[in-house]
Amino acid sequence: MLLKTLIKDFITQKAEYMQSGMVSSPLDQTGYVYEEPSYPSYPSYRFQPNDSFEDEPPLLEELGINFDHIWQKTLTVLNPWKPADGSIMNETDLTGPTMFCFALGSMLLLAGKIHFGYVYTMSILGCLGIHALLNLMSITGVSHGCVASVLGYCLLPMVILSCFAILFSLRGIAGSVLAAGVIGWCSFSASKIFITTLAMEGQQLLVAYPCALLYGLFALLTVF
């Protein structure tokens with residue numbers, strides 16, 4: 001009886017202690033005061049009616065693609081006697097050159113020649129060589145992007161020659177004469193742009209000669 005009474009009293013005291021701790025005690029089991037977690041408040045953005053994107057530049061302009069400049073450079077190449085705008089030609093625009101290189105490889109593919117690797121390899125090596133030569137000849141110097149842009153745009157007449165290679169063979173005398181004329185066209189346009197951009201007056205023939213060697217390699221791919 002005594003043991004049962006002690007057990008009953010212990011259970012009753014334990015229940016009262018737990019009830020008083022859960023209801024009235026501000027302390028948790030570890031002895032620290034429990035506080036509600038606080039979260040940082042972030043400023044909420046609300047769209048204002050005055051907010052607009054009119055002052056934002058176009059996406060193509062941010063990517064460096066200007067179709068007006070591409071068209072002007074293309075006309076400058078197609079008309080070798082047209083004066084070149086040095087401010088436009090000094091831009092690092094690789095959109096047109098990339099399209100012309102791909103177009104040349106595609107035309108050669110239609111003619112039964114898979115020369116994409118040769119086209120891109122000769123373009124890269126030719127740009128590096130012409131860049132080194134122009135930096136030695138000019139005072140101001142020129143960037144790799146500018147050289148690649150000019151040489152790529154002046155590849156357009158070679159693309160036209162490759163279109164003729166689809167229709168008939170260029171291995172005869174007529175084809176050789178046509179290829180020589182296209183080489184002169186490409187090299188004359190490239191040298192004109194280079195001397196205008198770099199202020200190299202009186203050195204057009206010196207610049208046109210290495211350009212003619214480079215475009216002669218593309219002509220060999222096209223003819224043979």
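Residues passing the side chain to side chain donor-acceptor pair (under 3.5 Å) test with Q203: none are found, sequence neighbours excluded. Qualifying side chain to side chain contact (heavy atoms under 4.5 Å, CB included) partners for T222, counting only residues two or more places apart in sequence or in other chains: L104, L108, M158, L161, S162, A165, L170. Every side chain to side chain donor-acceptor pair (under 3.5 Å) that D68 has, sequence neighbours left out, goes to Q72.
Nearest approach of T121 to G117, heavy atoms of both residues: OG1-O, 2.7 Å. The two residues M122 and L221 make their nearest non-hydrogen contact at CE-CD1, 2.9 Å. Contact detail for L151 and C211: the closest heavy-atom pair is CD2-SG, 4.3 Å. Nearest heavy atom pair, residue E201 against residue I195, reads OE2-O, 4.4 Å. Across every non-hydrogen atom of V207 and M200, the tightest pair is CG2-CE, 3.8 Å. Between L198 and G141, the shortest heavy-atom distance links the atoms CD2-O, 3.5 Å.
Following chains of ILVMFWY side-chain contacts shorter than 4.5 Å, one can reach L178 starting from L156, so the two form part of one hydrophobic cluster. In terms of hydrophobic clustering, with Ile, Leu, Val, Met, Phe, Trp and Tyr side chains grouped at heavy-atom distances under 4.5 Å, V77 and L94 are assigned to different clusters. Two different hydrophobic clusters hold W81 and I183 under the rule that ILVMFWY side chains link at heavy-atom gaps under 4.5 Å. A chain of hydrophobic side-chain contacts below 4.5 Å, direct or via other Ile, Leu, Val, Met, Phe, Trp or Tyr residues, connects L217 to V182.
Summarising the local packing, CG of L167 is surrounded by more than 12 heavy atoms from other residues, nucleotides or ligands at distances under 6.0 Å. Atom CG of L213 has more than 12 neighbouring heavy atoms from other residues, nucleotides or ligands inside a 6.0 Å radius.
Side-chain contact between I193 and C154 is present, with heavy atoms from C-beta onward closer than 4.5 Å. Residues C186 and L155 form no side-chain contact, since every pair of their non-hydrogen atoms from C-beta on lies 4.5 Å or further apart. Residues N135 and V142 have side chains in contact (heavy-atom distance under 4.5 Å, counting atoms from C-beta outward). At least one side-chain heavy atom of L78 sits less than 4.5 Å from a side-chain heavy atom of T74.
Summarising the hydrophobic clusters (Ile, Leu, Val, Met, Phe, Trp, Tyr; side-chain heavy atoms under 4.5 Å, direct or chained), the residues clustered with W71 are L75. Grouped with V177 in one hydrophobic cluster are I173, the linkage being side-chain heavy-atom contacts under 4.5 Å among Ile, Leu, Val, Met, Phe, Trp and Tyr residues. As a member of the Ile/Leu/Val/Met/Phe/Trp/Tyr network built from side-chain separations under 4.5 Å, L128 groups with I124. Side-chain contacts under 4.5 Å among hydrophobic residues (ILVMFWY), followed directly or transitively, place F116 together with F102, L109, I114, Y120.
Contacts classified as ring pair (Phe, Tyr, Trp, His ring centres under 6.0 Å) and involving residues 193-224 (residues at least two apart or in different chains) are not found. A ring pair (Phe, Tyr, Trp, His ring centres under 6.0 Å) check over residues 128-154, counting only residues at least two apart or in different chains, returns the pairs F100-Y153, H131-H144. The side chain to side chain donor-acceptor pair (under 3.5 Å) analysis of residues 178-192, with sequence neighbours excluded, yields the pairs S191-Q204.
Of the possible donor and acceptor atoms, none in the side chain of D93 sits under 3.5 Å from a partner among the backbone N and O of I70.
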